Protein chains: 2
Amino acid sequence: MASYRTEDGWDALGDPTRRAIIACLAERPRAVGELAAVLPVSRPAVSQHLRVLKDAGLVTDRTAGTRRVYRLNPAGVAALRDQLDTYWSRALDGFRDVTERPDEEES
Amino acid sequence: MASYRTEDGWDALGDPTRRAIIACLAERPRAVGELAAVLPVSRPAVSQHLRVLKDAGLVTDRTAGTRRVYRLNPAGVAALRDQLDTYWSRALDGFRDVTERPDEEES
DNA sequence: CCCGTTGGTAAGCCGTAGCTTACCGTTCGT
DNA sequence: ACGAACGGTAAGCTACGGCTTACCAACGGG
């Protein structure tokens with residue numbers, strides 16, 4: 001609640017690799033090396049992506065010995081979901097405003 | 001349901017200008033010129049963004065005379081929302097899996 | 001019937017996002 | 001205490017995404 005958002009969650013999800021990371025972490029928390037082993041990019045690349053995701057509040061990390069375990073942050077995901085809900089409800093209002101016009105061509 | 005997704009909705013929302021367009025269209029449907037008048041980019045730029053959003057299934061367009069009115073597509077928005085819901089629920093499972101380890105340092 | 005309005009497309013420029021390799025700090029095992 | 005494992009950072013290259021200007025097609029009003 002009292003957290004700044006240095007990076008936008010949407011920008012963070014704009015990259016396919018980062019979405020793959022999110023999908024991986026959705027299954028279970030993983031260390032950086034595990035993620036790099038699965039993904040088609042190098043470990044430093046994963047590290048950089050994780051930084052972006054962390055700044056966006058989508059993941060949290062936890063040091064376990066020499067390893068660093070990342071996990072999904074449900075709060076961050078929920079925040080984006082709420083935004084979509086807002087767009088969705090407003091879109092419905094927009095639909096109500098302009099009733100069907102028969103002389104127009106649908107896309 | 002039976003629609004392909006030529007472009008990914010997340011990629012589409014990865015751009016700030018496109019998110020601004022989405023926000024605009026969430027209020028009410030608008031023509032291309034209207035959007036360009038509000039946004040800080042040229043009309044062709046808006047047109048290109050609208051194409052991406054349309055390919056992603058996030059907006060639909062409707063020809064009205066010489067004008068072309070775009071509106072938000074609630075189905076497309078709902079699809080993304082559902083994906084986030086999936087991530088969210090799986091993340092909760094992940095949290096249950098790994099119980100708190102006191103010797104670790106939180107991020 | 002012409003002209004103004006509207007908007008999609010082409011061509012091209014430029015910034016930056018993402019990747020790689022190389023390097024360094026930290027932590028644990030033996 | 002030394003070395004290996006793990007991971008973050010720096011530097012640099014390349015590709016692509018977004019913007020602009022210029023051009024063209026379509027529809028409508030007077």
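Only heavy atoms go into these numbers, but all of them, side chains included; no hydrogens, no water, no symmetry mates. Below, chains carry the letters A, B, ... as their sequence lines are ordered, and counting in each starts from 1. The structure presented is a predicted model; accordingly, all values stated were derived computationally and were not measured.
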Report yes if the side chains of A/R81 and B/W88 come closer than 4.5 Å at any heavy-atom pair, otherwise no.
no

Taking only side-chain nitrogens and oxygens of B/R67, does any of them come within less than 4.0 Å of OP1 or OP2 of D/dC27?
no

Would you say a side-chain N or O of B/R68 is under 4.0 Å from OP1 or OP2 of C/dG8?
yes

With sequence neighbours left out, the residues meeting side-chain contact (heavy atoms from CB on, under 4.5 Å) with A/D82 are A/D85

Would you say [X]'s side chain and [Y]'s backbone share a donor-acceptor pair under 3.5 angstrom?
X     : Y     : result
B/N73 : B/G57 : yes
A/R68 : A/T63 : no
A/R18 : A/A12 : yes

Scan residues 38-53 of chain B against DNA chain D and write down, sorted by residue number, each residue with any heavy atom closer than 4.0 Å; if none is found, say none.
B/V41, B/S42, B/P44, B/A45, B/Q48, B/H49

What does B/A31 touch in the nucleic acid at a heavy-atom separation under 4.0 angstrom: a base, only the sugar-phosphate, or nothing?
sugar-phosphate

Note: A/L39 and A/V46 closest approach over all heavy atoms is CD1-CG2, 4.1 Å

Grab the two heavy atoms, one from B/V77 and one from A/L84, that are nearest each other, plus how far apart they are.
CG1-O, 3.5 Å

Salt-bridge present (B/R19, A/D11; N to O < 4.0 Å):
yes

Grab the [atom1]-[atom2] distance between [X] and [N] for me, whole Å please.
X     : N     : atom1 : atom2 : answer
B/R62 : C/dG7 : CZ    : P     : 16 Å
A/Y70 : D/dC6 : OH    : P     : 15 Å
B/D61 : C/dG8 : CG    : C1'   : 11 Å

Output the residues of residues 10-24 of chain A in contact with DNA chain C, where contact means a heavy atom of the residue under 4.0 Å from an atom of the strand; sort by number or write none.
A/D15, A/T17, A/R18

